[in-house]
Engineer: 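The structure that follows is given in the form of structure tokens.
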Number of protein chains: 2
Amino acid sequence: MGITKTAAFTKEHNRIAVLLKAMAHPARVAIIDYLLQVDTCICGDIVNELPLAQATVSQHLKALKSAGLIKGTIEGNSICYCIDETSIADLRHYFAQIYSSLETKRKNCC
Amino acid sequence: MGITKTAAFTKEHNRIAVLLKAMAHPARVAIIDYLLQVDTCICGDIVNELPLAQATVSQHLKALKSAGLIKGTIEGNSICYCIDETSIADLRHYFAQIYSSLETKRKNCC
DNA sequence: CATTTATATCGCAATATTACGATATAAAAT
DNA sequence: ATTTTATATCGTAATATTGCGATATAAATG
């Protein structure tokens, strides 16, 4: 025991959980933030932007990448990372739907 | 080593990470989903809705509650849980901002 | 070709999460 | 007053994450 019972939940619930989990760390929120701030997506200096060792940053980038939140393409010596719009659009849609669902249903006891 | 370097990141990045972490599990996504589906927020049967033991569900509810995603008020014998709109609004706003920022900046290399 | 630069992976220690049975608590029903 | 019902907490085992030094890889530069 101690392992997430992934198979017991719906595909959709798991899909959302995977995306959220990938972003559920301040370093990874900071990485997304940084990728938004730079105007080009040639981002070879993410390591210098974060208060973490190079190996750790690389791991965080891998986590974001394997969840589909960022894309990385080899650019000669270094790697060009940028945000994958699709996954952000999915999350945006997810929370927008929850919010509008809350607005229309308006619970009356809390 | 092995502990998240919370202090090294901004308050805002940590705040978002805490909210996302609370939702970053299929059981907790399922709980939010269920709370949305029921029309009243007297939700004493969340345990029966999930494929997990009562103790485990209670822990997940605690996690959602301490992150501020749900509220629970004692209703006699049982507890009335419902979604806390504020936190959902925050997350909705966060992803909407990322999305619109992506739209305006439109990277040209990926 | 040796060196530098950029990034990834390995191995490991510290810590955190997930799950559940057992037990506690406290209100409701009998 | 005892039992039932609803929920929380404790203890603990299994697993996952976080972080980093060391090392690997591979392109760029000298």
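The sequence lines fix the lettering, A, B, ..., with proteins before strands; numbering per chain opens at 1.
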Engineer: In whole Å, I'd like the distance from the CG atom of B:L61 to the P atom of D:dT9.
Structural biologist: 11 Å

Engineer: Name the closest nucleotide to the A:I79 side chain, picking from D:dG21, C:dA16, C:dA8.
Structural biologist: C:dA8

Engineer: Determine, for B:K65 against B:D84, whether the closest basic-nitrogen to carboxylate-oxygen distance falls under 4.0 angstrom.
Structural biologist: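 Salt bridge flag = no for B:D84 with B:K65.
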
Engineer: What is the distance, rounded to the nearest whole Å, between atom CG of B:D45 and atom P of D:dT5?
Structural biologist: 15 Å

Engineer: Would you indicate, yes or no, if C:dT9 has its OP1 or OP2 atom less than 4.0 angstrom from a side-chain nitrogen or oxygen of A:K62?
Structural biologist: yes

Engineer: CD1 of B:I31 versus C1' of C:dA19: gap in Å, rounded?
Structural biologist: 13 Å

Engineer: Given C:dA22, D:dA16, C:dC20, which nucleotide is nearest the side-chain atoms of B:Q54?
Structural biologist: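 Selected nucleotide (nearest to the side chain): C:dA22.
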
Engineer: Taking all non-hydrogen atoms of both residues into account, name the closest pair between A:A63 and A:A22 and its distance.
Structural biologist: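 Closest pair (atom of A:A63, atom of A:A22, distance): O-CB, 4.1 Å.
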
Engineer: Looking at every heavy atom in both B:R92 and A:A96, which two are closest together, and how far apart are they?
Structural biologist: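 So the two residues come closest at CD-CA, 4.1 Å.
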
Engineer: OP1 or OP2 of C:dA6 versus the side-chain N and O atoms of A:S78: is any pair under 4.0 Å?
Structural biologist: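 Indeed not, no polar side-chain atom of A:S78 lies that close.
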
Engineer: To the nearest Å, give me how far apart CD1 (A:I70) and C1' (C:dT7) are.
Structural biologist: 13 Å

Engineer: Please report the closest heavy-atom contact between B:F9 and B:N14, naming both atoms and the distance.
Structural biologist: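 Looks like O-ND2, 3.4 Å.
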
Engineer: From the list D:dG19, D:dT7, C:dT18, which nucleotide is the closest neighbour of the side chain of B:K5?
Structural biologist: D:dG19

Engineer: Please report the distance, rounded to the nearest Å, between CZ in A:R28 and C1' in D:dT18.
Structural biologist: 9 Å

Engineer: Take A:V57 and A:F9, find for each the nucleotide of DNA chain C with the closest heavy atom, and name the residue whose nucleotide sits nearer the 5' end.
Structural biologist: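 Whichever sits nearer the 5' end wins; that is A:V57.
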
Engineer: A side-chain contact here means heavy atoms from C-beta on lying under 4.5 Å apart; do A:L91 and A:L20 qualify?
Structural biologist: yes

Engineer: For B:A27 and for B:N77, find the nucleotide of DNA chain C with the closest heavy atom, then tell me which residue's nucleotide is more 5'.
Structural biologist: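 Its nucleotide being nearer the 5' end, the pick is B:A27.
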
Engineer: Quickly work out the B:H25 NE2 to D:dA16 P distance and round it to whole Å.
Structural biologist: 11 Å

Engineer: Taking atom P of D:dG21 as reference, at what distance in whole Å does atom CD of A:Q59 sit?
Structural biologist: 13 Å

Engineer: Ignoring backbone atoms, establish whether A:H60 has a side-chain N or O less than 4.0 Å from OP1 or OP2 of D:dT17.
Structural biologist: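 No, because none of the side-chain N or O atoms of A:H60 sits under 4.0 Å from OP1 or OP2 of D:dT17.
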
Engineer: Give one of base, sugar-phosphate or nothing for B:I74, where a contact means two heavy atoms less than 4.0 Å apart.
Structural biologist: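 If one applies the 4.0 Å heavy-atom cut-off, B:I74 turns out to touch nothing in the nucleic acid.
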
Engineer: Output yes when at least one side-chain N/O atom of A:Y81 is less than 4.0 Å from OP1 or OP2 of C:dA8, else no.
Structural biologist: yes

Engineer: Identify which nucleotide among D:dG19, D:dT9, D:dT7 has an atom closest to any side-chain atom of B:A55, counting heavy atoms from C-beta outward.
Structural biologist: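 The answer is D:dT9, which lies nearest to the side chain.
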
Engineer: Can you see if the side chain of A:K21 gets near the phosphate of D:dT17 - specifically, an N or O under 4.0 Å from OP1 or OP2?
Structural biologist: yes

Engineer: If I take atom NZ in residue B:K65 and atom P in nucleotide D:dT7, what distance separates them, rounded to the nearest angstrom?
Structural biologist: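 For the pair B:K65 NZ and D:dT7 P, the rounded distance is 12 Å.
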
Engineer: Within the structure shown, what part of the strands sits under 4.0 Å from A:T4 by heavy-atom distance: base, sugar-phosphate, or nothing?
Structural biologist: sugar-phosphate

Engineer: Which is it for B:T56 and B:H60 under the side chain to side chain contact (heavy atoms under 4.5 Å, CB included) test, yes or no, and what are the steps along the way?
Structural biologist: CA-CA 6 Å; B:T56 308; B:H60 283 305; 3.9 Å; yes

Engineer: Looking at B:T56, I'd like to know whether one of its side-chain N or O atoms comes within less than 4.0 Å of OP1 or OP2 on C:dA19.
Structural biologist: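 For C:dA19, neither OP1 nor OP2 has a side-chain N or O of B:T56 closer than 4.0 Å.
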
